[in-house]
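Report on one structure; see the data block that follows.
Computed from heavy atoms alone, side chains included, the values below leave out hydrogens, waters and symmetry copies. Below, chains carry the letters A, B, ... as their sequence lines are ordered, and counting in each starts from 1.
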2 protein chains.
Amino acid sequence: MKRHIYNCSEGCPVESTLQIISGKWKSVILYHLIRQEVCRFSELQKSMPNCSRRMLSLQLSELEQDKIISKKIYPVIPPKTEYRLTKLGKTLEPIIIEMEKWGRMYNSTH
Amino acid sequence: MKRHIYNCSEGCPVESTLQIISGKWKSVILYHLIRQEVCRFSELQKSMPNCSRRMLSLQLSELEQDKIISKKIYPVIPPKTEYRLTKLGKTLEPIIIEMEKWGRMYNSTH
DNA sequence: CAGCATCCCCCCAGATACTG
DNA sequence: CAGTATCTGGGGGGATGCTG
């Protein structure tokens, strides 16, 4: 619930961005939601084996609070939920794409 | 010293990038080193009032270990050091630029 | 000025168990 | 299946003091 507070008042725009995406797994979640527009909870879980269920849940709910992703709950048993990027969330794509590109480059040279 | 280990083996390139820049203040440091090519320790400190001296020092040394920044020490009294991006560090620019752009957009609409 | 060493507290996040 | 609730320990990070 509580997050680190960056001092955005000094006018470093990067800090505002960090406020939103600096959670340990958030950019990974965004990465998967870019590649696959709609994801279920269990699909994300499989894609991120090192992220516990609890952490995944927390990160998702913060992203939802910040209107970066939206959640659709189907009232069925067993439960079914779907996550996808909001319009605002989609504006984060360029950042994730650049991170992805850099990661590929880095992996191929190290 | 110890950092969170992302499981990059599964082929999510974003995790490789996080391994390098996910430190709490790293992208802010990079932001300042992009705007001002050469920075002294105290200059960075002034630019990041919410980051303690200890933390700044730790983050800088990790970035240096990862060859993202380089450090030049002048053997004078009082001490003087200068930090700048390495060639590898400069390849992170597109990510930081996108983060900066997004932060500005977000600030202007929220 | 640019750090490192130490102390110490708080809270993050893992493990586990439970539920609609 | 998709989460919550609770407990717990270890470490992240602040505060402070010291040094070349």
task = To the nearest Å, give me how far apart CG (B:Asn50) and C1' (D:dG13) are.
result = 14 Å

inquiry  = With nearest nucleotide decided by heavy atoms, which residue, A:Met55 or A:Ile77, maps closer to the 5′ end of DNA chain C?
reply    = A:Met55

Close N/O contacts between protein and nucleotides 2-8 of chain C (under 3.5 Å):
from	atom 1	to	atom 2	distance (Å)
C:dA2	OP1	B:Arg40	NE	2.8
C:dA2	OP1	B:Arg40	NH2	2.9
C:dA2	OP2	B:Ser42	N	2.9
C:dA2	OP2	B:Ser42	OG	2.6
C:dG3	OP1	B:Lys71	NZ	2.9
C:dG3	OP1	B:Tyr83	OH	3.4
C:dG3	OP2	B:Thr81	OG1	3.0
C:dG3	OP2	B:Tyr83	OH	2.5
C:dG3	N7	B:Arg53	NH1	3.2
C:dG3	O6	B:Arg53	NH1	2.7
C:dC4	OP2	B:Ser57	OG	2.6

Distance, rounded to the nearest Å, where A:Met48 contributes CE and D:dA2 contributes P = 15 Å

task = Compare side-chain N and O positions of B:Ser52 against OP1 and OP2 of D:dG14 and report whether any pair is under 4.0 Å apart.
result = yes

query = For A:Asn107, does its backbone N or O pair with a side-chain atom of B:Ser16 as donor and acceptor, under 3.5 Å?
reply = no

request  = Kindly say whether A:Lys24 contributes a backbone atom to a donor-acceptor pair with the side chain of B:Tyr6 at under 3.5 angstrom?
outcome  = yes

Please tabulate, for side-chain N and O atoms in residues 67-74 of chain A, each donor-acceptor pair with protein atoms closer than 3.5 Å (sequence neighbours left out).
from	atom 1	to	atom 2	distance (Å)
A:Tyr74	OH	A:Glu82	OE1	3.1
A:Tyr74	OH	A:Glu82	OE2	3.4

message = Output the rounded distance in Å from CD (A:Gln59) to P (C:dC12).
response = 11 Å

For B:Lys26 against B:Ile21, the heavy-atom pair lying closest together = CB-O, 3.8 Å

key: Side-chain donor or acceptor of A:Thr17 paired with backbone N/O of B:Trp102 under 3.5 Å   = no

Closest contact, heavy atoms only, A:Cys12 versus B:Val28 = SG-CG1, 4.1 Å

key: Nearest heavy-atom neighbours spanning A:Leu63 and A:Ile20   = CD2-O, 4.2 Å

Distance flag, aromatic centroids of B:Tyr31 and B:Trp25, threshold under 6.0 Å = no

task = Can you see which heavy atom on B:Met105 is nearest to which on A:Thr91, and at what distance?
result = CE-OG1, 3.7 Å

message = Distance check needed: D:dA2 C1' versus A:Ile69 CD1, whole Å only.
response = 14 Å

ask   = Roughly how many Å is it from NZ in A:Lys24 to P in C:dC11, rounded to a whole number?
value = 17 Å

query = Taking five pairs at each end of the helix from C:dC1-D:dG20 to C:dG20-D:dC1, what angle separates the two helix axes (nearest 10°)?
reply = 60°

query = Over how many whole Å does the gap from A:Ile29 atom CD1 to D:dA2 atom C1' extend?
reply = 14 Å

